[in-house]
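All chains are named by letter (A, B, ...) in the order of the sequence lines, taking the proteins before the strands, and each is independently numbered beginning at 1. Note that these values count all heavy atoms, side chains included, but never hydrogens, waters or copies made by symmetry.
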There are 2 protein chains.
Amino acid sequence: MEEKLNDLKNRLAEISDLNNAAAVLGWDQQTYMPPGGASARARQLATLSHIAHEKFTDDVIGHLLDDLRAYAGGLPYDSDDASLIRVAKRDYDKARRVPSTLVSEITHTTAQAFDVWRKAKAESRFSDFVPYLQRNLDLKRRYAECLGYTDRIYDPLLDDYEPGMKTAQVEAIFANVKQEIVPLVHAIAPKQHMVDNSFLHQAFDEQKQWDIGIEAARFIGYAFERGRQDRSPHPFTTSFSIDDVRITTRFMHDYFPAAFFATMHETGHALYNQGIRHELERTPLADGASLGAHESQSRMWENLVGRSRPFWKFFMPRVKAVFPEQFKNADAEKMYRAVNRVQPSLIRVEADEVTYNLHIMLRFELENALLEGRIAVNDLPEVWNSKMQEYLGITPPDDAHGVLQDVHWSHGSFGYFPTYSLGNFFAAQLFDQIRKDISSLDDHLKKGEFHILLDWLRANLHTHGRKFTLNELANKITGEFLQTYSFTAYLKNKYGEIYNL
Amino acid sequence: MEEKLNDLKNRLAEISDLNNAAAVLGWDQQTYMPPGGASARARQLATLSHIAHEKFTDDVIGHLLDDLRAYAGGLPYDSDDASLIRVAKRDYDKARRVPSTLVSEITHTTAQAFDVWRKAKAESRFSDFVPYLQRNLDLKRRYAECLGYTDRIYDPLLDDYEPGMKTAQVEAIFANVKQEIVPLVHAIAPKQHMVDNSFLHQAFDEQKQWDIGIEAARFIGYAFERGRQDRSPHPFTTSFSIDDVRITTRFMHDYFPAAFFATMHETGHALYNQGIRHELERTPLADGASLGAHESQSRMWENLVGRSRPFWKFFMPRVKAVFPEQFKNADAEKMYRAVNRVQPSLIRVEADEVTYNLHIMLRFELENALLEGRIAVNDLPEVWNSKMQEYLGITPPDDAHGVLQDVHWSHGSFGYFPTYSLGNFFAAQLFDQIRKDISSLDDHLKKGEFHILLDWLRANLHTHGRKFTLNELANKITGEFLQTYSFTAYLKNKYGEIYNL
C-alpha cells in the first residue's frame with residue numbers, strides 16, 4: 001500500500017510542478033510579457049495544461065485511488081493522506097467526466113469570446129457579444145451535463161469554484177442577506193454627505209503609493225523573502241509554491257484607496273497561501289480550500305482589518321509621513337470614515353462593503369435564470385438594469401457600465417461570482433470567532449500587532465490548505481456551517497454608527 | 001509521409017513549448033524570483049526537463065525520423081523539412097545515447113558543485129572545490145564515452161555547444177591566433193598610458209545608464225514590442241519564442257562601459273533570435289546555429305559596432321546629452337579610444353578585445369589536459385598561473401582571481417569556453433564579407449543607419465535559425481570555413497593605429 005501511495009504522490013507532484021510552471025507563465029503574461037509574446041504564450045499554456053490533464057486523467061491514477069480507498073478509510077478524516085486521497089479522487093472524477101474535446105472547445109470558444117467582449121465593452125455594444133455569450137452558455141450547459149447534477153444545473157458549475165457548495169444553500173443565504181442589506185442601502189443613500197472622502201481624491205505620487213502599500217503588507221505579515229509585488233492591469237495573487245506567493249497591484253494617480261486596498265486585499269490572499277503547511281507542498285492540497293475561503297482572507301485584511309478604526313489608529317501616522325500635504329487635515333478617525341463611504345454605484349469592483357454583495361446577487365440570479373432558460377441572453381441588459389434599480393436605486397447609462405462590465409462571462413466562468421460574497425460572509429463569521437478567542441484583538445491591531453491575528457488564521461485555517469470544504473472549515477472552526485448573521489450584524493453595527501441610523 | 005511529418009512536427013512542437021516554458025521559469029529565477037522560491041523552482045525545472053526528455057527520446061520519434069530519412073534525402077539540404085529532420089535526428093541520437101540516470105547524476109552533482117564553488121570562490125580556497133571538480137570531470141568523461149568519439153574525448157563535449165566542430169580544428173585555429181596576439185599584447189603593454197579612460201570611471205546614475213542603454217538597443221534594432229530588458233546579477237539573453245526575446249543587464253555605478261556594453265552585447269544575441277524566420281517557430285530550428293554563431297552576433301554589436309569610430313561619431317552626442325557633466329571634456333574620438341583601452345587583466349569577463357581570447361585559450365588547453373589526464377585537478381592553480389604569466393604577463397594574487405573565477409566548471413560545462421572565441425573570429429569573418437557587400441557601411445553607421453547592417457545579418461544569417469553548423473554558415477556566407485585572419489587583421493589594424501605600433 002505504501003508503494004501505491006508513493007506512486008500516487010509522485011504522479012501528483014509532477015502534475016503540481018506542471019501547474020505551478022503554468023502559473024509562472026500566467027504571471028509573466030500579466031506582468032512583464034511584451035505584446036509579441038502573446039500567441040506563443042497561449043500555446044505554451046495550452047501545452048502545459050494538456051500534458052497535466054493527460055497525466056492526471058491517466059487510468060493508472062484512477063486505479064491507485066481505488067486501491068487506496070480502504071487505506072484512506074482507516075485514517076482520520078483530516079489526516080494528510082486521507083485528505084490527499086479524498087480530494088484527489090474528487091478532482092479525478094470531475095476531470096474524467098469531461099471529454100477533452102469539450103475542454104478544448106471551451107478554451108477555444110472563450111478565447112474568441114474574450115476578444116469580442118473586450119471590444120463590445122469598449123464600444124458599449126452588447127449585441128456584438130450576444131452570439132458569443134450564447135455559445136459560452138451552451139458549452140457550459142453541456143459541461144454541466146457531463147459532470148451531472150441532481151438538483152440544479154448551476155450546482156456542478158458552482159462546485160468548480162466552491163467544492164461541495166449547493167445552489168440552494170447560496171440562494172437561501174443570499175435571500176437572507178438581501179432582506180437585511182437593501183433597507184440598509186436605502187437608509188444610507190440620503191445620508192451619503194455625512195462622510196467626506198474628498199481628501200482621498202488628490203494627486204498621489206505612484207512610487208510613494210507603492211512604498212506605503214509595501215509597508216502595510218509587511219506589517220500585516222507578508223513574507224517578502226517568499227513573495228513579491230509587481231504591477232499588472234488587474235491586481236491578482238498567484239502562487240508557484242508555498243514559498244513563492246506573489247501579488248500585483250495597479251495605481252490610480254488621483255485616488256489613494258485604489259492601490260492601497262488592492263495591496264491589502266491581495267496580501268490577504270497571499271498570507272493564506274504562505275501559511276499552508278509545508279508537508280502539503282507538491283500535492284493538490286497546497287492551495288486554499290476554495291475561492292470563497294480565499295476571498296474570506298483577502299476581504300478580512302482589506303475590510304475587517306484595513307477598513308477598521310484600530311488599523312487606522314496604528315497606520316495613519318505612517319500614511320501621513322508619506323503624504324503629509326495630502327493628509328494634513330486628516331486624522332485616523334477621518335480616514336476611517338472616508339474609506340468607509342457608502343455610495344450605490346454601477347461598477348462591482350468599485351463597490352463599498354454594504355452594496356458589494358448586491359452586485360453579486362444580481363449576477364448570481366441572472367446566471368441561474370440564463371442556465372435554466374428562464375431568461376434569454378438578449379434580455380440580459382433589461383433585466384440587469386431593472387435589478388440595479390431595485391437593489392441599488394440606480395440605472396446604468398450604458399451596457400459598458402452594466403451587463404458588459406465583468407470579464408467572467410466572456411471566460412465562461414458561470415458559478416464564480418457567488419464565491420466573492422461567500423468570502424465576505426465567511427470572513428465575518430471567522431472574525432466573530434476570533435474576537436471570542438482573542439478578546440483583546442482591537443488593542444493588538446491598534447498597536448500594529450497583526451501577528452496575533454495572523455497566527456490565529458495560520459493555526460485555524462491556512463495550515464489546512466485544501467483539505468476541507470468551506471462548510472467543513474466553518475463547522476470545524478466556529479461550530480457552525482457557513483452563516484450570514486455575523487456579516488449582517490457587522491454591517492449594521494459599523495454603518496449604523498457611521499451614518500447615525 | 002505527410003502524416004508522419006506532421007506527427008513528428010506536432011511532437012517537436014510540444015517539446016519546444018516545454019523547453020520554452022522552462023526558459024520562462026529560468027528567466028524568472030534570475031530576475032524576479034524571491035529567495036524562498038528557489039527549491040520549488042529547481043524541482044519544477046527538473047520536472048519540465050524530465051518530461052521534455054522523455055517525450056523527445058520516445059521510440060516513436062526515432063521511428064518517425066528513420067521513416068522520414070528517404071523523404072528528407074529527396075529535398076534540398078537547406079529546405080525547412082530536410083533541415084528539421086537532419087537536426088532533430090542529430091539531437092535525438094545524442095539524447096538517446098546518454099542514460100537518464102547519468103543525466104540526473106550530472107544535474108545533482110553539479111548543483112552541489114555549484115554551491116561549493118560559490119563558497120570556495122568567496123573564500124578563495126581552491127582545495128575545497130577540488131573533490132567536486134574531480135567528480136564533475138569524471139561524470140563528463142563518462143558522458144563523453146556514452147556519446148562516443150574517434151579522435152579526442154573533448155570532441156563530444158564541444159559538440160554540445162558547437163555542433164560539428166572538432167577539437168583539432170579549434171586547436172589549429174587557436175595556435176594560429178595565439179602567435180599573432182601574444183606579441184601584440186606584449187607590444188601594447190608598455191604603451192597602456194597612451195589611452196586615457198579615466199573619465200569612464202565616475203559616478204553614473206543608474207536610471208540614466210538604463211535609459212541610454214535602451215536607446216542604443218533601440219537604435220541598433222532591438223524590437224521592444226517583442227522583447228524587454230530586466231536586471232539580473234549576470235547579464236543574459238533568453239528566448240520564449242521568436243517574438244519574445246529578452247535580455248538582462250546589471251550596473252556599476254562608477255564605471256560607464258559595464259552596463260552599456262552588456263546591453264549592446266545581449267542585444268546582439270537578441271537580434272539573432274528575433275531575426276529567425278517565423279516558419280521555424282516551435283521546431284528545434286528556432287534558435288541560433290550554435291553558441292559560437294550566437295557569440296558572433298553579440299560580439300559584433302558590442303565590439304565591431306559598439307567599439308568602432310563610426311558608432312561613437314553617431315552616438316556620442318546622445319551619451320553627452322544624458323551625462324553632460326561626466327563627458328564634458330570627451331568627444332567621439334576620446335570615447336572611441338577610451339572604450340578600446342587594452343590592459344592585460346586577471347578576469348576574463350572584464351578583458352578587452354585583444355587579450356580576451358588568450359583567457360579562452362588557457363581554459364581550452366586546461367580542459368583538454370584535464371580530460372586527457374595530462375594534468376591533475378590539484379595541479380590546476382599552478383598551471384593556470386604559469387600560463388597567465390606566459391600569455392598576459394601577469395599572475396593572479398589568489399585563486400578567486402585565477403582558476404576559481406568562472407562558473408562553467410562548477411556546472412560541468414567543459415567544452416563551452418572555446419565558443420566565445422569562435423564567436424569573435426566568426427564575427428570578424430562576417431564583417432569582412434559585409435564590408436565587401438556594403439562598401440559604404442561606415443557611412444551608414446556614422447549616420448545611425450544600423451538597419452543596413454541588421455538587414456544583411458537577417459537575410460544572410462539570422463533567418464536560418466539552427467539549420468546549419470558554424471562551418472556550414474561560414475562557407476555559405478563567405479565561401480570559406482571558419483577562419484581567423486579576418487580577426488587578427490582587424491586587431492592589428494585597429495590597435496596598431498590606436499597604440500601607434
Exceeds 12 heavy-atom contacts within 6.0 angstrom, atom [atom1] of [X]:
X: A:His234; atom1: NE2; result: no
X: B:His108; atom1: NE2; result: no
X: B:Gln207; atom1: CD; result: yes
X: A:Glu3; atom1: CD; result: no

Any idea which of A:Arg43, A:His50, A:Glu14 has the most non-hydrogen atom pairs under 4.5 angstrom with chain B?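 Highest number of heavy-atom pairs under 4.5 Å: A:Arg43.
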
Between A:Ile242, A:Leu45, A:Val24, which shows the greatest number of heavy-atom pairs under 4.5 Å with chain B?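 Top count of heavy-atom pairs under 4.5 Å with chain B: A:Val24.
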
Which residues in residues 33-42 of chain A have any heavy atom closer than 4.5 Å to a heavy atom of chain B? A:Met33, A:Pro34, A:Pro35, A:Gly36, A:Gly37, A:Ala40, A:Arg41

Would B:Leu48 and A:Leu48 count as a side chain to side chain contact (heavy atoms under 4.5 Å, CB included) if you check the C-alpha gap in whole Å, the side-chain angles of each, and the deciding distance to 0.1 Å? CA-CA 9 Å; B:Leu48 290 181; A:Leu48 289 180; 3.9 Å; yes

Most heavy-atom pairs under 4.5 angstrom with chain A, which of B:Asp230, B:Val245, B:Thr47?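 Going by pairs under 4.5 Å, I would pick B:Thr47.
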
Most chain A-contacting option - heavy-atom pairs closer than 4.5 Å, from B:Ala46, B:Ala223, B:Ala13, B:Ala21: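 If we count pairs closer than 4.5 Å to chain A, B:Ala21 comes out on top.
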
Taking the side chain as C-beta and beyond, is there a heavy-atom pair between [X] and [Y] under 4.5 Å?
X: A:Leu25; Y: B:Leu25; value: yes
X: B:Leu18; Y: A:Gln44; value: no
X: A:Lys55; Y: B:Ile51; value: yes

Between A:Asp28 and B:Arg228, is the closest basic N to carboxylate O distance under 4.0 Å?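 Result for this pair is no, no salt bridge flagged.
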
Mutual orientation of the aromatic rings belonging to A:Tyr32 and B:Trp27 [parallel < 30°, tilted 30-60°, perpendicular > 60°]: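 Correct class here is perpendicular.
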
